[in-house]
2 protein chains.
Amino acid sequence: MVVVNYFHYFRFPVTFILLSDYLANNIMTSKPTIPKGTRDFSTAEMLKREYIFENIKQVFRLYSFQPIETPAMENLSTLLGKYGEEGDKLLFRILNSGDFLSSLNDDDLLKREYGKLSSRICEKGLRYDLTVPFARYVVQHRDEIVFPFKRYQMQPVWRADRPQKGRYREFFQCDVDVIGSDSLLNEYELIKIIDEIFKKLGISTVIKINNRKVLAGIAEYIGEADRIIDITVAIDKIDKIGIGSVNSELSSKGLPDKAISGLQPFLELNGSTSEKLAKLGKLLSESETGMKGITELGTLFGYIENTSLKCDVELDLTLARGLNYYTGAIIEVKSKDVPIGSICGGGRYDNLTGVFGMEGVSGVGISFGADRIYDVMNQLNLFDDLKGSATEVLIANFGEIETDYALKILDQLHGLNIKSELYPDPAKLKKQFSYADAKKIPFIIIAGEDEILKNSVTIKTMSTGEQKNLPLDEFSTFFLSDTPKSPNGNI
Amino acid sequence: MVVVNYFHYFRFPVTFILLSDYLANNIMTSKPTIPKGTRDFSTAEMLKREYIFENIKQVFRLYSFQPIETPAMENLSTLLGKYGEEGDKLLFRILNSGDFLSSLNDDDLLKREYGKLSSRICEKGLRYDLTVPFARYVVQHRDEIVFPFKRYQMQPVWRADRPQKGRYREFFQCDVDVIGSDSLLNEYELIKIIDEIFKKLGISTVIKINNRKVLAGIAEYIGEADRIIDITVAIDKIDKIGIGSVNSELSSKGLPDKAISGLQPFLELNGSTSEKLAKLGKLLSESETGMKGITELGTLFGYIENTSLKCDVELDLTLARGLNYYTGAIIEVKSKDVPIGSICGGGRYDNLTGVFGMEGVSGVGISFGADRIYDVMNQLNLFDDLKGSATEVLIANFGEIETDYALKILDQLHGLNIKSELYPDPAKLKKQFSYADAKKIPFIIIAGEDEILKNSVTIKTMSTGEQKNLPLDEFSTFFLSDTPKSPNGNI
């Protein structure tokens, strides 16, 4: 096979192979598939997804966050150990190019310690989330960055999880963070962003807020500072199993009765946010950390109440996610109508970049789960008014003679920024109409012999079947007044 | 370390680890890096890149192409053998999860045939281009697709190439294809799209066009049908080394003198496109394939001349790229001002999906190389009028007492869709001003004690230093008239 390295960049291989060789080598008979847990996105799905991304992006920008992007591949040294043992197992590793075995002797191979081996034959892994790459980015580019750094990042991440409904191996995250400022105005701004984005998308939500310092205070208060996880995990189950069972679970986990009884007032906490905070204040008055958390919550809820922000915000002591990062506020958002878990979440972390050797940079951020948001909007039919097709006009193709005339019409439509196309082949009109139908194109322009003679065009409205004949130099006014506004327009 | 699988989707690990453990395990002192050949994109770079992507996308949509996306990972069975032997070596392979050695016995390992082994321990690879995944997509979804299928796809691809200036291991492709129609109107439409996109971006280009069938005809004509590659590669060098050297190279490659002399009229071809086509017609009158190619070129150039399209289009017989796919038109675009190779290219392929068992589907498509386009625009300073920052207004922070007032102002600005932010900390004004300066924010709003007393705001224009004091309920009019339009606005 003749092979000449010739052309790099584009759609086509960097090598020459005769078409015959090429095909001979590559005939495949069974229908091709994609790796499990991954997805193709059809045009219809893409239009919906872009509608979500575009709305999220617009709000991020309005609040003057700016985009960055990081490579899909990171060095494994950057990723390993950041997500717990479980996370390390879920990293997709990229095999070193060339002779990846060269650094291994026979004994290494025969030991078959695949865990260890994988790190010897793979230097790179796929991004597991956007947070660790962001921390790496901030440390690596600390000298170019203007702090406080308000960045957003919308990219896919990859996890070798067992695929299941609503859980994919490739999915999108939309992260927004402020790093280099510990002002609670940042937390407030993120709450506003959450509210604005979900209002735009038409999803009604509950925004749950907690504070890591309060959780620490509670653990201190009952004298079990190091049992904070058991405690929050148990608390988290109250709604499902009730206080009684929570208590027995805690004692089965070896929590002393004294601690359990100490915990009761927190489990029974109720009333308005300010009432809850007041009660917490009394209970935790001895814990410096706890009191600091209460003050932070007070300030944040203060901003929310004193301003125009009208949304369903709730203090929720059972919120404990991301405990390994968070040091202050914890935020989680749920859809009121679709029980699908969190559709957005995040919080304050005081030492994210510490793992890369840059200490004491406080940040706060949240992440929107595009895939879950998509599922919620689908279930609520919130995409209904989103056109299945961006195309507004199809010009029927009558053949060579009529083509120049049709191309003139197409030019006029494009000149007016009207999404339109000329059917490429002079197929039977029936076929061309069903094409328009399948693509939900609202208007067809007919410009055959008669129209050309009268220097006119006929416009057919697909929904009504109604036809209008207009002079060539005026027909476009029809669309300027009548074109349906499609959400795709602004994507 | 306590590990509880708790929460999947968001920014944070699916596991709980105590912050202390977490940090203890992960302190890194040396500055982190990214894999060679990959890039981080800063906010300034992202705004430029998005400007390019957005312009390309708008034109694709205007011509009613619609987006699809495919997974970053494809099965290796889909990718292998599609890019030549060279290409197979350049695929990034993903190590199977879990015990990737289980299917291998000791002998397999000790043979150390890393090429074979890699296929046993890796089932998946990263996308190498968008064309093969697209072919796979069309075959896999043939039943849902409405043909002719006009799709665009803008995603990164990965190649384990030796990194060098302007060549990356992760780069973006923007592909647009029509599949399921062999009308030359599709080729014409792609030429229009090329012209429109580069006019929008301000890059003046030459669009070079050739036809694979003409090349085949020439090879036939000189009786060397199977030497077509040597011939085109040689022809390609004429500008650099001259006809003489081309001829000696050809004979050194063992091309008979008869064939070489037969080739001369093609090498010396000149005149206008129609003159060239006429001469070709005479020379190739015996070759059915060749004449078909000439007719196709004639029709395509006919469309170009009969319509409003004003661009620099050129028949170039030396154009031979992507020979292993192309069966008709071949298109390549070069910048007139920056010698960087092709910034866009593509062509007609009659059997792209054949390798996946779906025969006889003709398509034509082109690919825009975002990274090279970016380099060209940078060199020509075409981004100059693109704001470095999307933020239009910074509200200075004077502290707790003034915060509520500042938040009211911020609400008003956001309500008017003006990108704005409140500096999060009550830092020294000097610091806040230099922040605005570094982020190129054109306006600062000062709302301190005096302004609050007079229920007013002071607006400082950074470029002039000029200050204006306006009543709270009127100040926004200032921006509605004065806000500089920033290209970011429509991204």
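First the proteins, then the strands, lettered A, B, ... as listed; each starts at 1. The shown structure was predicted, so the numbers you read here are calculated from the model rather than taken from an experiment.
Proximity to chain A (any heavy atom under 4.5 Å) is shown, for B:Lys89, by neither the backbone nor the side chain. Residue A:Lys150 touches chain B through its side chain alone, counting heavy-atom pairs closer than 4.5 Å. Residue contact with chain A, scored on non-hydrogen atoms closer than 4.5 Å, involves the backbone and the side chain of B:Leu95 alike. Within the 4.5 angstrom heavy-atom criterion, only backbone atoms of A:Phe147 (N, CA, C, O) approach chain B. Heavy-atom distances place the side chain of A:Asn186, and not its backbone, under 4.5 Å from chain B. Contacts of B:Leu422 with chain A are made by side-chain atoms alone, with heavy-atom separations under 4.5 Å and no backbone atom involved. Proximity to chain B is limited to the side chain of A:Thr403, based on heavy atoms less than 4.5 angstrom apart. Looking at A:Leu394, there are no atoms closer than 4.5 Å to chain B (heavy atoms on both sides), in backbone or side chain.
No side-chain heavy atom of B:Pro71 sits under 4.5 Å from any side-chain heavy atom of A:Phe41. Counting heavy atoms from C-beta outward, B:Leu109 and A:Asp106 have side chains that stay 4.5 Å or more apart. In this structure the side chain of A:Thr391 never reaches within 4.5 angstrom of the side chain of B:Arg61, judged on heavy atoms. Side chains of A:Glu50 and B:Pro67 form a contact here, defined as non-hydrogen atoms less than 4.5 Å apart. For the pair B:His141/A:Ser42, no side-chain contact is recorded, criterion being any heavy-atom separation below 4.5 Å from C-beta on. In this structure, the side chains of B:Pro148 and A:Tyr435 come closer than 4.5 Å at one or more pairs of heavy atoms. A heavy-atom distance below 4.5 Å is not found between the side chains of B:Arg93 and A:Ile94. Taking the side chain as every heavy atom from C-beta outward, B:Ile34 and A:Arg136 approach each other to under 4.5 Å.
The shortest heavy-atom contact between A:Ile68 and B:Met46 is CA-CG, 3.7 Å. Annotation for B:Tyr137 and A:Thr43: closest pair OH-N, 4.4 Å, computed over non-hydrogen atoms. For A:Lys31 against B:Gln140, the heavy-atom pair with the smallest separation is NZ-O, 3.4 Å. Nearest heavy atom pair, residue A:Ser118 against residue B:Phe100, reads CB-CE2, 3.8 Å.
Although no hydrogens or angles enter the test, the distance criterion places a donor-acceptor pair under 3.5 Å between the side chain of A:Asn75 and the main chain of B:Thr33. A:Glu170 places no side-chain N or O within donor-acceptor distance of the main-chain N or O of B:Met73, the cut-off being under 3.5 Å.
Contact tally against chain A (heavy-atom pairs below 4.5 Å) for B:Ala438, B:Pro35, B:Ser102: the top residue is B:Pro35. Per-residue heavy-atom pair counts under 4.5 Å with chain A were compared for B:Glu196, B:Arg112, B:Glu144, and the maximum is reached by B:Arg112. For the set B:Cys122, B:Ser420, B:Gly98, B:Ser97, the entry with the most heavy-atom pairs within less than 4.5 Å of chain A is B:Ser420. Contacts with chain A were tallied for B:Pro156, B:Ala160, B:Pro424, B:Ser181; B:Pro424 has the most, counting heavy-atom pairs under 4.5 Å. Most heavy-atom pairs under 4.5 Å with chain B: of the set A:Leu101, A:Ile145, A:Asp99, A:Val146, this distinction falls to A:Asp99. The candidate from A:Leu185, A:Val393, A:Leu126 with the greatest count of non-hydrogen atom pairs under 4.5 Å with chain B is A:Leu185.
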Exercise. Would A:Tyr188 and B:Leu407 satisfy side-chain contact (heavy atoms from CB on, under 4.5 Å), going step by step from the backbone distance to the final call?
Worked result: CA-CA 10 Å; A:Tyr188 169 69; B:Leu407 289 175; 3.8 Å; yes
Exercise. What's the verdict on side-chain contact (heavy atoms from CB on, under 4.5 Å) for B:Lys439 and A:Gln66, showing C-alpha distance, side-chain angles and the deciding distance?
Worked result: CA-CA 10 Å; B:Lys439 285 185 77 181; A:Gln66 289 178 32; 3.7 Å; yes
Problem set entry | Derivation and outcome, side-chain contact (heavy atoms from CB on, under 4.5 Å), residues A:Phe92 and B:Lys124 | CA-CA 10 Å; A:Phe92 280 110; B:Lys124 297 180 286 291; 3.9 Å; yes
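Under the 3.5 Å distance criterion, with hydrogens and angles disregarded, no donor-acceptor pair is assigned to the side chains of B:Ser183 and A:Asp425. Side-chain contact annotation: B:Thr70 with A:Asp40, donor-acceptor N/O pair under 3.5 Å absent.
A salt bridge links A:Lys192 to B:Asp411: one of the charged nitrogens lies within less than 4.0 Å of a carboxylate oxygen.
Partners of B:Asn397 by side chain to side chain donor-acceptor pair (under 3.5 Å), not counting sequence neighbours: none found.
Between A:Tyr63 and B:His414, the ring planes are tilted. Angles from 30° to 60° get that label.
No more than 12 heavy atoms of other residues, nucleotides or ligands sit less than 6.0 Å from atom CD of B:Glu123.
Note that the CD atom of B:Glu69 and the CZ atom of A:Arg39 stand 10.5 Å from one another [nearest 0.5 Å].
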